[in-house]
Structures are given as structure tokens and as C-alpha cells.
Protein chains: 2
Amino acid sequence: MGTPEVASAMKKTGRKRGLITMRDVAQATGFSPATVSIVLNNAPLARYIASTTRQRIEETAKRLGYRPNAMARFLRSKRSQSIGVILFDVTDPFCIPILRGIENALYPLAYLPIFADAHNQRDRFERYLEMLLERHVDGLIVVANWLFVDIDVLADLNKREIPAATIGWELPGKRVSSVMVDNEAGGRQALEHLYQSGHRKIAIIRGPKRLIDTAPRWRGIQKFAQSVKLEIDPALTLQLPDLFDATSSFEHGYRLTEEFLQTKKKFTALLAFDDLTALGAMRALAKAGISVPEQCSVTGFDDVAVSALAVPSLTTVRQPLEVMGSTAVGIVMDAIKAGQENRDWPVVSQKLHPELVIRDSTHNT
Amino acid sequence: MGTPEVASAMKKTGRKRGLITMRDVAQATGFSPATVSIVLNNAPLARYIASTTRQRIEETAKRLGYRPNAMARFLRSKRSQSIGVILFDVTDPFCIPILRGIENALYPLAYLPIFADAHNQRDRFERYLEMLLERHVDGLIVVANWLFVDIDVLADLNKREIPAATIGWELPGKRVSSVMVDNEAGGRQALEHLYQSGHRKIAIIRGPKRLIDTAPRWRGIQKFAQSVKLEIDPALTLQLPDLFDATSSFEHGYRLTEEFLQTKKKFTALLAFDDLTALGAMRALAKAGISVPEQCSVTGFDDVAVSALAVPSLTTVRQPLEVMGSTAVGIVMDAIKAGQENRDWPVVSQKLHPELVIRDSTHNT
DNA sequence: TTGTATGCGTTATCAA
DNA sequence: TTGATAACGCATACAA
């Protein structure tokens, strides 16, 4: 029934098939495009439109299969209803819950994320940033965890063009909003758990020097150790190297644990910088015939999805990754609203609390 | 130096800060917007532009910080340089390498993926589909693995509006392009590996009935069994239920393995429907004090990222997930080109070969 | 070699 | 209660 009319509507304007515009609806109903617009958007003026008119238009729009053209709308309104999301590496399990949190917070707002994955490469990050700016995304969320991106550009952006927020990383000087976990508290929680389980000889794998999380986690560890007069043996402390890709920490967790074992120093627990490091450590321990947790407890950090599936499941310090994603969305959306109302928006730095998740990889000594 | 000029350029047109348009560049150089457009896009006519002019324009554009407005360009050209990507669930590790593959293939084409996550919900899928259509994405890639989405809409779309491809799922009747792994070959490979390792008592966890992969994998298993006269004990065959979310197969792998153990039937190997099922099985075996692979070999399917990290690492049938993503991009891009040239585009069904990856969870008996 | 004019589909302002 | 018109920023056909 509808099809012939659609065809004729399209013929009249000579447009490519499948593209019904407001004008087509206007012609089909006999009203003007302006009226159609008002009705279909339920604009304020719609109050004054005769209800018969309204019905005619709505019904016709549906019958013709009219679909608003977001491009045109965006051009007019200067809002793209899109948020650019740049991840340092999708392949890193850390990113996934964050991405989910972002998407989930955007959904009810009818915003869509435009997805960019930097592959841990600086030039790729910059290229994507440029592409997103050309698309005039309304806001920007950057999930970063490594340093070699000089994200100073973001600070500028945030001040003069579009609202931005970073997750898992922050710019010195509070010039861009950020969402982070309280790393110091987390470091403390991990060590405290091991200590309270009776461990005194604890091997520690620290994070890579240049990673922003490394120092505060270590500080949390040291502070707790001091507070209970626990001695941290330097010979049982190693540091991950500064190389990055999604599984490098697994491999290095494995290697560093082998190093620990070679020293013949006794330890009854191992505190790893993050979950993948911990899993690597667990493999090395298994290979050496050391059972976890009976002979050695292991803790991680992040509570990445795999940690719950490992055998034994991993005790870890949970980052509220999904919440971090949605929090960033909240910050950016507030800023967008401010921008629309021509107000300045604040730089906000959220620090969320980590949570100790006790599973099967730790054990009383 | 540049800033005051920027300010004045903006003042003249009264536009909001940070938005330099072609007209601004035109005014600043004294040329017309058309010339500016031709130069900055390196359009065919750029050949005829005086090189001094060209330089002036390019230099000025840079100095003013001109950035093309993709919205406007898209509206004009009717191409959004975007691909809609709908995943059934980002949280499922299966999706991640596919997403990476899609993004990676799109990057050199200056296309950007618009990200949608259906959360395994049909209404969410439909809503996202509608949003993507309104944005006039040039193409659509749907990563689906479950049935409750009646993706017949896709067939229509593909024929009349935008090129589409599915990954990991296919519509009956070849009405939409799809990229799949050869499940039958994969099922065969898994069983063949166990058989050749000497296993004869093999427990099997089949996939959920409604999942499209289930039947062909099972067929591959049966055919191989017949070919070597291996008897498959029905008492050692269980099926995953039809409930879906990212970790349900892990849990059910665990439970079904416990069921196997309760029957007291002996088996020296377990062939699981997918990797998460296998990991669940491994946990159940560990809990029962059965060591993998010494007392029981285990195989998975997919080669999801965690499988390499598990202890012991999992032998599995690898789906070339990243390649599947890039293949889908290839199909869709070809169709887009065809559409632009007003040709019809074919429906293509790619079936990629799985690859057996032997790790530590299997062992000769 | 460059400029003018027009239109992509919407929406907002103003007029009727 | 509705319609005419202009403009968003860009790219093209055509004119000069």
C-alpha cells in the first residue's frame, strides 16, 4: 500500500531511494515543511497545531517511513549527540568494563559513542583526536594509562572547545577532568589483607615507573608496612618494565616471579601490581610446583573479568571500572550543558574507592 | 600572533568561539569559499589553482586553526564516513578481537565506528539500529550470536538502504552478508586432537540448542567419531542451556562438569563447547582434585584472550576473530562503493577456517 | 585561474 | 494555527 506512494514521493524530488525527507512528508500531507518539523519534533509550537493536522502528519510520516536525518539536524543545531571515546587499547581487559559503563550511561541520553582505539600509539591517538574534532563530537572521554601521550592538547581542548574527561590517568595541574581510583588506598588494602592473613615475607611486584598508578600504590603499601612495622625486603621487590601492550604484564609477572624463585628467598605471599601480573605470577608458581594459595598467596589489582575465572580465582583490589565510565559521562554531560548555556565548566577530579575482593588465591598462613 | 586574527575572524561572523569555517579562511585570504574548498580538499580543480594562492590558503587555514566540519560535509556528500557496529555484548570476550579487527580495518579508510552494545537485549538492539539509521551510517556490522533478535530487518536494510554484514551469525536464505567460522571443521578438529592423543572416553558439553554454532560443531564431532568408529557415550554428553550472558557458559561449564563427575562414569578428556565452558570445567575438575591435563584433558573453542592466560593454558579451536572483523569491513566497504556507483551489491557469505591451538590443557593418555 | 549560485535536510524566526 | 524564508558549513556546476 505504502510503497507506490513512497516511490512517487521520491520520484518527485529525484532523490536516491530510501531517503524520505521532511519535504516528502510535507508534500504528501499538503502542509509546509516547517509545520511538519514542529509536529514531528514535538516542538513548543506543537501546542498550537490542530490535532487533526498533527495526526495527518504523524501518520503520513510513519507510512512513508520517514526518518529524520541526523546529519542535517546536527549541522543546524551544532550538536552531534556523540561522544568521542578514545581507548588506549581495547585489547586490554581494563578497558572493557569502562567502555560498557560509558555506553550504558550514554544510552538513556540518546547519545552514541564514537569509538577510537589508540593501540597504545601516540600518533594514532592524535589522528583519532583530530578525526573526532572534525566530527564535532559534543564531548570526549579518553581512557589512558600510559604516559607517552602528551595529552596537553586535551587541556586546551577542554578549555576552548569541547568538554573532556580522562579515566585512569590525570594531567598534572588539574586542567582536565579526570576519574581515577584511589590507588594509595588500594595498595594499602592489598597489603593489609595479606598481613592480616598472617603473611610477613611478602614479595612485591611494583608497576612500571612511568605509569601514574605505580607511585601511589607503592606509597599505600609502604605506609601500611610502616604502620605495622612490617619489613619490606628489597630483595623481594621487583618492578615491571615500561613496555606496554595488553599482555606484557602477564609475561613480566611470570618472569619476575621466576626471578624471585631463583633468589631462593622465602616468601609466603606475592603482591602483584595488577591482575595480569598476578596471573603471570600464578603460572610461574604453578610451573615451580608451588600451589596457590596453600604455599603462596597471590593478590592482584583491578579485578579485570578474567580474575574471577582463573583457577584459583584471584583475590584482588577492585576498581569500579563501570562506575568510572559512567562517572566520566556525568562529568562530560554536565560540561556540555554548561557550554550550551554559555557558562564555563569546572574541572573535576573524581577519586573513587577501590574494594578488596577476597577469592581463592589468598589464604591464612 | 594568530590569536587576534582568529578573534576578529570570529567576530565578523559572530560565531561561537573555536569554530573557524571556510568562510573565515576565505575572508582572511581574500579568495572565495569555493576556491578555499577546492584547495583544502585537493579537489580535481586544484590543478588549476595558482600555487601562490594555494599556499596562501593552506597557510592561512593552518594559522587560523581551521578544521573542516564533518557534519556539513556529510550532509552535502550524503556519506557519513561511519560504520555502525552493534555488538550483542561487549562484555563477552568473543567480541573484543572482532571489534579490534573492525576498527583496525576502518582506520586507514578514515572511517570511524559508531559503537552500540545490545546487552543481549532485543529492544536495545532495535533502538540502536534506529539511532544508527538516523545517523545515516554508510554501513552496518552486527556481531550477533544469539537468536532472539529477529534480524530480518537487516535483510531489508541491506537490500534497500545500507550495506550490512553479520559476524558469527547468519540469516537463513542468504539475504545478508555474513562472516562465520567453519564450525563443523572446528568441531572435528577438537575431537580429532583428543582422539589422536589417545583419548577414547570423552565427555562432551554441547552448545545451547538455539545457538547457530551448536549444530554444525556437533555434526563435525559426530562425523569424525563415525569415521574412526569412536563411540560417543550419551551419558557423557550434556548440553548448555539457552540462557545467555557473558559468563553463563563458565558457570554452566562448571555445573555440567560436576554432573559428569557425579555419574562416576570414567572419562579422560572433556570437549567443551567454548573456552569459557572449558574454563568452568577446569575449575570443577580442580575442585574435585582432578589435575588437568594429567588426569583429564580439556579443549575449548574460540581462543578468547583469557585462554592463553589460564593455568594450565587452554588447548582450543581458534576462531580468527580479528580477521572476521576486518573481513566484514571489506564486505561492507565493497558494498558501499557499489552503492555509490549505483550498482547492486552481492550478498556474500564468508566461512573462515578455524585453527587448532595446542596448549597445556591437553595431554596424551 | 577564480568567483557565483545553489542545494544537501533541518530548524528557528518572523509573518500571515 | 500555519507558511515563507533564511541559515547551518560545505562542495559542485557553471560562469567569468
Side-chain angles (χ1 to χ4, degrees), chain A residues 9-10 12-16 18-27 29-57 61 64-81 133-136 340, chain B residues 9-10 12-16 18-27 29-57 61 64-81 133-136 340:
Chain A
M10 289 187 303
K12 274 179 205 152
T13 57
R15 230 168 296 101
K16 111 175 178 190
L19 252 189
I20 307 292
T21 76
M22 271 186 30
R23 271 224 305 288
D24 297 321
V25 178
Q27 288 186 349
T29 55
F31 292 101
S32 76
T35 307
V36 173
S37 172
I38 290 168
V39 167
L40 294 181
N41 291 305
N42 224 334
L45 266 55
R47 289 169 23 77
Y48 304 109
I49 303 281
S51 72
T52 55
T53 307
R54 201 185 308 198
Q55 286 183 4
R56 270 270 296 293
I57 291 178
L64 294 185
Y66 167 73
R67 233 192 305 265
N69 183 330
M71 303 294 181
R73 203 201 299 250
F74 296 164
L75 179 59
R76 254 282 340 183
S77 64
K78 295 189 175 306
R79 308 181 53 214
S80 66
Q81 299 270 80
L133 292 178
E134 290 186 0
R135 279 164 194 249
H136 290 246
Q340 280 162 359
Chain B
M10 288 186 304
K12 274 179 204 150
T13 55
R15 231 166 296 101
K16 111 176 178 190
L19 252 189
I20 307 291
T21 74
M22 270 185 31
R23 272 221 307 288
D24 298 321
V25 178
Q27 288 185 348
T29 54
F31 293 100
S32 76
T35 308
V36 174
S37 172
I38 289 167
V39 168
L40 295 180
N41 291 306
N42 225 334
L45 266 56
R47 289 169 24 77
Y48 304 107
I49 303 282
S51 73
T52 56
T53 307
R54 201 186 305 198
Q55 286 182 5
R56 272 269 298 290
I57 290 178
L64 294 185
Y66 167 73
R67 233 193 304 266
N69 184 329
M71 304 293 182
R73 200 200 297 249
F74 296 164
L75 179 58
R76 229 338 281 219
S77 64
K78 294 187 175 307
R79 308 179 52 214
S80 66
Q81 298 272 74
L133 293 178
E134 290 186 0
R135 279 165 193 247
H136 291 249
Q340 280 163 0

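Per chain, numbering begins at 1; letters A, B, ... match sequence-line order. Please read all numbers here as calculations on a predicted model, not as lab measurements.
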(message) If you compare every side-chain N and O of Asn41(A) against the phosphate oxygens of dT10(C) (OP1, OP2), does one of them come in below 4.0 Å?
(response) no
(request) Round to the nearest Å and state the distance from Ile38(B) atom CD1 to dT12(D) atom P. (result) 9 Å
(message) Given the structure, check if the side chain of Arg76(A) and the base of dA12(C) hold any donor-acceptor pair shorter than 3.5 Å.
(response) no
(request) Could you tell me the separation between the CZ atom of Arg135(B) and the P atom of dG9(C), rounded to a whole number of Å? (result) 18 Å
(message) For Tyr66(A) versus Ile20(A), what's the shortest heavy-atom pair and its separation?
(response) CD1-O, 3.2 Å
(message) If I take atom CG in residue Leu75(B) and atom P in nucleotide dA7(D), what distance separates them, rounded to the nearest angstrom?
(response) 17 Å
(message) Counting the atoms with a prime plus P, OP1 and OP2 as sugar-phosphate, which does Pro33(B) contact under 4.0 Å by heavy atoms, base, sugar-phosphate, or nothing?
(response) nothing
(request) Please tell me which of Leu45(A) and Ser37(A) maps to the more 5' nucleotide of DNA chain C, matching each residue to the nucleotide holding its nearest heavy atom. (result) Ser37(A)
(request) Calculate the interatomic distance between Arg79(A) atom CZ and dC8(D) atom P; express it in whole Å. (result) 19 Å
(message) By the 4.0 Å heavy-atom rule, please label Ser77(B) as base, sugar-phosphate, or nothing.
(response) nothing
(message) Under 4.0 Å, heavy atoms only, any strand: does Met22(B) hit a base, just the sugar-phosphate, or nothing?
(response) sugar-phosphate
(request) Between dG3(D), dT2(C), dC10(D), spot the one nearest the side chain of Phe31(A), thanks. (result) dG3(D)
(message) I'd like to know if the side chain of Asn69(B) and the backbone of Met71(B) have a donor-acceptor N/O pair within less than 3.5 Å.
(response) yes
(request) Answer yes or no: does a side-chain N or O of Tyr66(B) lie under 4.0 Å from OP1 or OP2 of dC10(D)? (result) yes
(request) Identify which nucleotide among dT4(C), dA11(D), dT10(C) has an atom closest to any side-chain atom of Arg73(B), counting heavy atoms from C-beta outward. (result) dA11(D)
(message) I want to check something: taking the side chain as every heavy atom from C-beta on, are His136(B) and Phe74(B) in contact at a cut-off of under 4.5 Å?
(response) no
(request) Would you indicate, yes or no, if dG3(C) has its OP1 or OP2 atom less than 4.0 angstrom from a side-chain nitrogen or oxygen of Ser32(B)? (result) yes
(request) Could you check Ala34(A) against Ala72(B) and say which one's nearest nucleotide on DNA chain C is further toward the 5' end? (result) Ala72(B)
(request) Would you mind reporting whether Arg73(B) and Gln81(B) have side-chain heavy atoms less than 4.5 Å apart? (result) no
(message) How many whole angstroms separate atom CG of Asn42(B) from atom P of dA11(D)?
(response) 12 Å
(request) Mind calculating the distance between CG (Leu19(A)) and P (dG7(C)) to the nearest angstrom? (result) 18 Å
(request) Calculate the interatomic distance between Met71(A) atom CE and dT11(C) atom C1'; express it in whole Å. (result) 17 Å
(request) Could you grab the distance from atom CZ of Arg135(A) to atom CZ of Arg67(B), nearest 0.5 Å is fine? (result) 14.0 Å
(request) Could you tell me whether the phosphate oxygens of dT11(C), OP1 or OP2, come under 4.0 Å of any side-chain nitrogen or oxygen in Lys78(A)? (result) no
(request) Tell me whether the OP1 or OP2 atom of dC8(D) has a side-chain N or O from Thr21(B) closer than 4.0 Å. (result) no
(message) How many whole angstroms separate atom CZ of Phe74(A) from atom P of dC10(D)?
(response) 17 Å
(message) Within the structure provided, determine whether Ile49(A) and Thr35(A) are in side-chain contact (heavy-atom separation under 4.5 Å).
(response) yes
(message) By the 4.0 Å heavy-atom rule, please label Ala50(B) as base, sugar-phosphate, or nothing.
(response) sugar-phosphate
(request) Select one nucleotide: of dT2(D), dC8(D), dC10(D), the one nearest the side-chain heavy atoms of Asn69(B). (result) dC10(D)
